[in-house]
Amino acid sequence: MQLTNRAKVLEKKPMTLAERAYLPAIFQGLSITMRHFFMKKATVRYPEEVRPFSNTFRGLHVLKRDEQGRERCTACGLCAVACPAEAITMVAGERKKGEEGLYREEKYAISYEINMLRCIFCGLCEEACPKAAVYLQPDKMAPPRYERDEFIYGKDRLVEAVSPDERSVRGIQLTPDQATTLRGKLQQA
Amino acid sequence: MIELPALGWQSIVIFVVFALSLLIATYCTYAERVIAAFLQDRVGPDRAGPYGLAQPLADAVKMFTKEEFFPGGANKALFVFGPCLAMITALMSSAVIPFGNIMNFGNNLFFLQGIEVNIGMLWVFGVVSLGVYGVMIGGWASNNKFSLLGAIRAASQNISYELAMGMALIAVLMISGTLSLREITLQQSVAGEWHAWNIVKQPLGFIIFLVCAFAETNRTPFDLPECETELVGGYHTEYSSMKLGLYLFSEYVNIFVVSAVMSVLYFGGFNFPFQYELRDWFVSNQGWELASAQNLITLLGTVGLFLKIFAFIFFFMWIRWTLPRFRYDQLMRLGWTILIPLAVFNIVLTGGLILAGVI
């Protein structure tokens with residue numbers, strides 16, 4: 001039954017002698033693979049050898065500090081609003097007395113999380129940030145992990161490190177309650 | 001023919017030949033992966049050892065530590081015997097291949113060959129044809145319909161290509177008039193000329209032999225016995241651990257043996273061009289004794305033979321990563337309606353040329 005007029009009659013030419021003998025085609029194939037034997041390899045020995053990233057590459061996020069080592073992020077939430085994948089969540093807190101060296105503005109992020117499983121690395125958070133706090137590093141990829149919850153990056157892994165000691169005290173991802181407790185300890189010290 | 005001692009120095013040579021064929025077959029697995037990678041613009045194994053050279057060792061450890069598995073209802077004895085038979089037949093045929101001429105130390109003569117028998121070619125052919133039993137028994141004992149189908153395919157393929165192979169061989173035997181591989185080799189070296197290799201006299205026979213060699217070793221494009229798509233793997237579907245390893249490994253031993261046989265039959269074996277001129281040059285210009293000069297030539301010839309064998313092994317792998325598999329009816333048609341008539345034609349042609357005194 002003919003349904004449409006678009007059917008094409010396929011022309012099946014009888015094969016020539018060279019085609020039927022297959023040998024020319026085989027030799028052609030062999031020459032192609034032999035050419036590839038000497039070609040530059042398309043793969044690299046990855047962990048030892050890393051390909052240069054392109055100029056427009058957007059990789060793992062970083063929360064920048066200013067020139068005095070204070071966190072730039074004020075937890076305004078614009079990055080979270082701009083994020084099309086809704087990968088960013090944060091809890092804002094008020095800077096207390098004595099923390100002027102830690103946070104740049106009166107408001108700061110107590111916790112700041114990016115879900116790398118949701119993130120599409122579009123860079124819109126970077127564009128949205130009025131404080132130039134969040135950046136997508138052009139030379140670093142989010143490393144592979146085995147567990148899903150290891151892909152949720154908190155401040156411990158996002159904030160630019162000043163020195164290992166300071167990071168261990170401040171960088172841990174905190175709930176507001178924990179932050180209050182920790183703040184009390186810091187003020188005593 | 002010279003009488004050989006059953007034991008003694010010759011047994012060292014036998015041991016070396018045995019170890020060598022195993023070693024080369026082991027590194028064939030590595031070579032296959034590297035060549036496959038290079039042909040496909042990849043890097044290949046490079047984690048185990050320098051350039052991945054310990055890869056065969058790692059593979060062996062993996063094979064040995066995998067789970068031993070016997071399918072329900074399988075005949076256990078036959079199930080184990082199958083891969084053993086495949087391996088035994090593959091190794092046995094390397095015994096008669098002459099890897100070098102005679103080494104001469106004083107009165108001690110070394111044949112660089114496992115055993116020198118005057119039915120060498122018949123031995124290789126008989127033992128190789130037994131190899132199909134390994135596959136057949138393996139497929140039968142698995143108690144699996146797919147494995148049995150794979151084994152039957154293997155059996156019919158091997159038997160049909162053996163016919164053409166034997167007929168291609170007859171033409172060589174007609175020229176040489178002997179079954180001894182050493183004799184065939186020695187006849188291919190004539191002082192003053194190097195083109196006495198049988199490939200010049202038997203180009204058609206060589207091509208037939210080459211195609212059949214691919215089919216005999218179950219290599220692509222004739223690897224119908226194993227087939228992931230239709231047969232869930234083929235005759236070794238039910239095999240695991242080192243039993244599977246033996247099957248795969250015997251394939252590489254077979255490749256080595258077939259490459260050696262082809263080098264010996266068609267490419268002059270351990271002969272290389274201008275060997276007599278080189279020997280005479282050492283004797284007359286360097287003042288060497290004839291025996292030591294001959295020993296050097298023998299060693300060089302052995303190296304030359306191995307280069308030929310490696311070239312063939314490379315060719316096997318090159319083909320494998322170039323050509324796709326045949327369809328089974330195409331395979332059978334090629335064997336029965338093209339190769340066998342061609343081989344018969346080659347026999348008639350050779351006979352005519354011998355009668356005419358051309359070769």
Side-chain angles (χ1 to χ4, degrees), chain A residues 7-60 116 121 137-148 150-151, chain B residues 31-53 55 203-204 206-211 213-215 219-222 310-327 329-335 337-339 341-342 345:
Chain A
K8 272 186 201 165
V9 181
L10 280 179
E11 201 181 349
K12 235 184 176 179
K13 279 184 207 158
M15 287 197 285
T16 60
L17 184 68
E19 279 168 344
R20 267 184 290 141
Y22 288 112
L23 285 176
I26 288 176
F27 286 125
Q28 196 190 353
L30 285 175
S31 73
I32 289 170
T33 42
M34 187 39 79
R35 234 176 295 145
H36 278 267
F37 190 89
F38 297 106
M39 269 187 193
K40 197 171 166 292
K41 306 286 166 260
T43 52
V44 295
R45 290 154 208 267
Y46 167 59
E48 294 92 27
E49 206 178 316
V50 181
R51 269 187 210 290
F53 291 100
S54 78
N55 292 332
T56 51
F57 179 79
R58 294 187 290 255
L60 192 64
M116 293 298 169
F121 298 94
Q137 294 166 92
D139 57 347
K140 210 174 165 196
M141 284 192 277
R145 306 270 174 185
Y146 288 105
E147 302 295 333
R148 293 186 73 85
E150 287 175 354
F151 280 101
Chain B
E32 172 115 75
R33 294 172 64 173
V34 170
I35 290 169
F38 275 44
L39 292 176
Q40 298 171 345
D41 298 340
R42 292 186 284 117
V43 175
D46 66 338
R47 293 292 127 177
Y51 303 102
L53 279 173
Q55 192 65 47
L204 182 59
F206 171 68
I207 291 171
I208 297 169
F209 195 93
L210 186 70
V211 174
F214 274 94
R219 292 285 293 186
T220 325
F222 301 98
F310 292 151
F312 269 117
I313 291 176
F314 179 81
F315 185 68
F316 267 82
M317 299 183 173
W318 183 13
I319 286 276
R320 163 152 187 194
W321 298 100
T322 303
L323 296 184
R325 220 170 252 157
F326 270 114
R327 215 170 56 209
D329 60 316
Q330 292 172 334
L331 174 98
M332 278 297 158
R333 196 167 63 220
L334 178 69
T337 68
I338 297 176
L339 286 185
L342 264 184
F345 169 73

message: Minimum heavy-atom separation for Lys41(A) and Arg42(B), please, with both atom names.
response: CD-O, 2.8 Å
- request: Check whether Leu323(B) gets within reach of chain A through its side chain, its backbone, both or neither, counting any heavy atom under 4.5 Å.
  value: side chain
Side chains of Thr33(A) and Trp318(B), donor plus acceptor under 3.5 Å: yes
message: In the structure I gave you, are the side-chain heavy atoms of Asp41(B) and Thr43(A) within less than 4.5 Å of one another anywhere?
response: no
Heavy-atom closest pair, residues Val43(B) and Arg45(A): CG1-NH2, 3.2 Å
task: Under 4.5 Å heavy-atom distance to chain A, tell me which part of Ile319(B) shows up: side chain, backbone, both or neither.
output: both
task: Count the heavy atoms of every other residue, nucleotide or ligand shown that sit under 6.0 Å from CZ of Phe345(B), and state whether that count exceeds 12.
output: no
message: Angle between ring planes, Phe37(A) versus Phe314(B), binned at 30° and 60°: parallel, tilted or perpendicular?
response: perpendicular
message: For Arg47(B), I'd like to know if atom CZ has over 12 heavy atoms of other residues, nucleotides or ligands within 6.0 Å.
response: yes
